[in-house]
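Data first, discussion second: the structure below is written as structure tokens.
The sequence lines fix the lettering, A, B, ..., with proteins before strands; numbering per chain opens at 1.
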Amino acid sequence: MQIYDSVQKNKRDFKPQEEGKVSLYVCGPTVYDDAHLGHAKSALVFDLLTRVLRANGYEVTYARNITDIDDKIIKKAHEQNKSIKEITDFYTLAFHKEMDALGVSRPDIEPKATESLTAMTQMIQKLIDTKHAYLTDEGDVYFDTASDVDYLSLSKRVQNEEERQERVESSTLKKNAADFALWKSVKDGSLTYDSPFGAGRPGWHLECSAMIEKHLAKPNAAFAVDIHGGGADLLFPHHENEAAQTRCSSNHALANYWMHNGFVNIDGEKMSKSLGNSFFLKDALKEYDGEVLRFYLLSTHYRSNFNFNTEDLTASKKRLDKIYRLKKRLFGMAESHEPTAFKAELLKALSDDLNVSATLALIDEMITKTNETLDTSGKHKELKQGTMANLAYIEELLGFGVKNPFEYFLFGMDEATKEKIDALIIKRNEAKKAKDFESSDKLRDEILAFGVSIMDTPNGTFWEKI
RNA sequence: GGUGCCAUCGCCAAGUGGUAAGGCCGCAGCCUGCAAAGCUGCUAUCCCCAGUUCAAAUCUGGGUGGCACCUCCA
């Protein structure tokens with residue numbers, strides 16, 4: 001398997017530290033608002049990664065955190081006159097529901113900041129003991145970036161002299177502009193947690209380092225985790241700071257491989273709430289099957305920037321439809337347990353830094369070839385069983401085609417409408433039988449008006465929601 | 001200003017030295033009462049210029065045009 005390392009900036013052969021075992025940590029959401037398409041993209045990318053790693057025989061331990069301590073959460077709680085926990089529980093539940101709709105498997109470990117405070121304060125203490133952190137007169141604890149010779153080695157940023165010399169306003173009492181908070185003292189009576197450094201709240205960067213240490217790191221390994229992932233925006237300062245905290249408080253570096261997924265834009269513009277509906281995942285899920293969104297968001301390579309628009313989304317839906325039509329065509333067939341060339345090629349393509357485009361090309365070629373053979377004559381038992389195995393592998397690796405194919409084509413249709421359509425189809429077939437094509441075509445137009453397409457086959461007339 | 005990424009058919013998008021995958025759209029055809037679905041065929045020399053090489057979309061240099069990060073952000 002090959003993985004592009006966004007710190008070394010090249011594709012590297014993947015080798016976990018411990019034979020056959022992979023530890024993966026991904027920065028998850030701050031639960032103060034509904035998830036947007038960018039959250040979906042990130043979750044989807046690392047879901048795919050874990051599937052491919054597992055298919056390659058690795059035993060993967062995947063952790064993705066939930067940030068439930070944050071100023072934005074507190075602000076929202078105040079605005080809505082609710083407790084912090086009400087807010088975080090609500091958005092955590094919503095996040096899970098939406099990820100489920102996208103077919104994103106749950107991580108093995110999902111640590112929360114509120115449940116990691118001991119790990120965090122322990123890490124701060126270590127950093128203070130080793131002179132990598134200092135306490136200010138106001139009770140804040142800052143990481144001393146000047147004490148870490150490797151600071152900025154991750155993002156390869158150059159700190160200019162001006163910045164280095166800068167003495168920040170006396171109120172913050174930071175030694176260096178780049179220094180970041182490990183613990184913020186809070187005296188205004190709002191939410192605080194106890195710590196040896198006084199009441200306050202942990203700095204945001206800290207939780208990931210602490211959680212990794214607590215849940216994934218092996219004491220004697222050179223790297224705390226094999227792979228660390230997240231959105232491209234997190235490389236600096238978030239991951240830079242995480243890396244600094246870990247290397248200065250323990251005897252290992254944070255991660256051997258770094259993976260950063262590209263950003264999602266909407267119609268060429270950076271996402272913002274002013275753009276309205278499609279910003280939130282929950283709204284997109286009202287309009288489209290979660291699996292269509294999954295297919296679409298994964299169809300572009302994870303490192304590229306992604307430009308969300310309905311035209312491309314429709315093209316993706318049509319591609320997914322083809323998988324489901326083949327599933328309908330072979331519905332009920334047994335599945336071969338023999339290895340197929342297709343499965344090997346699929347895994348090979350995905351193992352090349354998640355080359356989804358090459359993978360989708362393989363899938364389309366497989367579908368076309370199968371349909372072509374099926375069109376020519378009846379039998380082909382072996383082909384059918386092999387194809388069922390191929391489709392099952394596509395489900396396992398990519399999560400495409402996991403639904404009942406008949407139900408898939410009914411997305412968003414209520415019972416009453418379905419009954420109306422079925423009734424019209426019976427009427428149309430009667431007209432067809434009587435060779436009254438004028439009536440039957442008129443009835444078809446009525447059916448099409450429901451936003452469906454219909455197809456006459458030797459086995460009867462079927463319809464699909466477009 | 002600093003750091004970095006990108007530029008392939010109308011649209012989406014692979015391909016990182018050996019002569020341009022795949023999908024959507026479009027056109028022609030098979031099938032069909034007609035359609036739909038499915039299948040077949042057709043559609044690019046890779047932003048520009050110069051260079052390296054037997055050979056470049058792929059390497060180098062210079063342009064031009066996008067974009068991201070540097071502040072909370074997936």
Under 3.5 Å on both distances, the Watson-Crick or G-U partner of [N]:
N     : answer
B/U64 : B/A7
B/G17 : none
B/C59 : B/G51
B/G38 : B/C30
B/C73 : none

Using atom [atom1] in both nucleotides, what's the gap between [N] and [M] to the nearest angstrom?
N     : M     : atom1 : answer
B/U60 : B/G66 : P     : 24 Å
B/U8  : B/U16 : C1'   : 13 Å
B/A36 : B/C31 : C1'   : 12 Å
B/C67 : B/U53 : C1'   : 33 Å
B/A44 : B/C9  : C1'   : 4 Å
B/G17 : B/C24 : P     : 30 Å
B/U32 : B/G15 : P     : 42 Å
B/C48 : B/G65 : C1'   : 11 Å

I need the [atom1]-[atom2] distance between [X] and [N], as an integer number of Å.
X      : N     : atom1 : atom2 : result
A/L297 : B/A13 : CG    : P     : 13 Å
A/D179 : B/U71 : CG    : C1'   : 16 Å
A/N265 : B/C6  : CG    : P     : 17 Å
A/K318 : B/C11 : NZ    : C1'   : 12 Å
A/E365 : B/G38 : CD    : P     : 16 Å
A/K465 : B/A37 : NZ    : C1'   : 17 Å
A/L330 : B/A37 : CG    : P     : 19 Å
A/R428 : B/U32 : CZ    : P     : 15 Å

Side-chain N,O ([X]) to OP1/OP2 ([N]) below 4.0 Å:
X      : N     : answer
A/R325 : B/G38 : yes
A/N371 : B/A37 : no
A/K322 : B/C24 : yes
A/W463 : B/A37 : no
A/S155 : B/U3  : no

Check whether any side-chain N or O of [X] sits under 3.5 Å from a backbone N or O of [Y] as a donor-acceptor pair, and report yes or no.
X      : Y      : value
A/D47  : A/S105 : yes
A/D140 : A/S185 : yes
A/E464 : A/S453 : no

Residue [X], side-chain atoms from C-beta onward, closest of [options]:
X      : options             : value
A/D375 : B/C39, B/A74, B/A14 : B/C39
A/R157 : B/C72, B/C69, B/G23 : B/C69
A/H39  : B/A74, B/A36, B/G2  : B/A74
A/S304 : B/A14, B/G33, B/G22 : B/A14
A/M455 : B/A36, B/U40, B/G33 : B/A36

Exercise for the section: Examine A/F331 together with A/F406 and report whether their ring centres are nearer than 6.0 Å. Expected result: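 Centroid separation for A/F331 and A/F406: below 6.0 Å.
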Handout entry: Aromatic ring pairing A/F295/A/F400, orientation class (parallel under 30°, perpendicular over 60°, tilted between)
Key =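 Ring orientation of A/F295 relative to A/F400: tilted.
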Practice task
For the residue pair A/Y324 and A/F409, categorise the inter-ring angle as parallel (less than 30°), tilted (30 to 60°) or perpendicular (more than 60°).
Solution key: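 If you compare the ring of A/Y324 with that of A/F409, the planes turn out perpendicular.
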Between the base of [N] and the side chain of [X], is there a donor and acceptor pair under 3.5 angstrom?
X      : N     : result
A/H301 : B/A13 : no
A/D456 : B/C34 : yes
A/D441 : B/G33 : yes

Exercise for the section: Taking the side chain as every heavy atom from C-beta outward, state whether A/L398 and A/L350 have any pair of such atoms under 4.5 Å apart. Expected result: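 A side-chain contact exists here, since the closest heavy-atom pair is under 4.5 Å.
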Look at all strands and tell whether [X] reaches a base, only sugar-phosphate, or nothing, counting heavy atoms closer than 4.0 Å.
X      : value
A/K41  : nothing
A/R319 : base
A/S357 : base
A/F236 : sugar-phosphate
A/A315 : sugar-phosphate
A/R444 : base
A/L448 : nothing
A/S440 : base

Handout entry: Nearest-nucleotide 5' precedence on RNA chain B, A/D352 against A/E311
Key =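 Of the two residues, A/E311 wins.
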Problem - Most 5' of A/N309 and A/H205 on RNA chain B, judged by nearest nucleotide - result: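 Mapping each residue to its closest nucleotide by heavy atoms, the 5'-most match is A/N309.
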Practice task
Quick one: closest heavy-atom pair of A/I266 and A/N307, and the distance?
Solution key: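 Here A/I266 and A/N307 meet closest at C-OD1, 3.8 Å.
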Problem - Heavy-atom closest contact (A/V31 atom, A/I73 atom, distance) - result: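 Scanning both residues completely, I find the closest heavy atoms to be O-CG1, 3.8 Å.
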Practice task
Would you say whether A/F263 stacks on B/A74? The test is a distance between ring centres of less than 5.5 Å and an angle between planes of less than 30°.
Solution key: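 Answer is yes, a stack.
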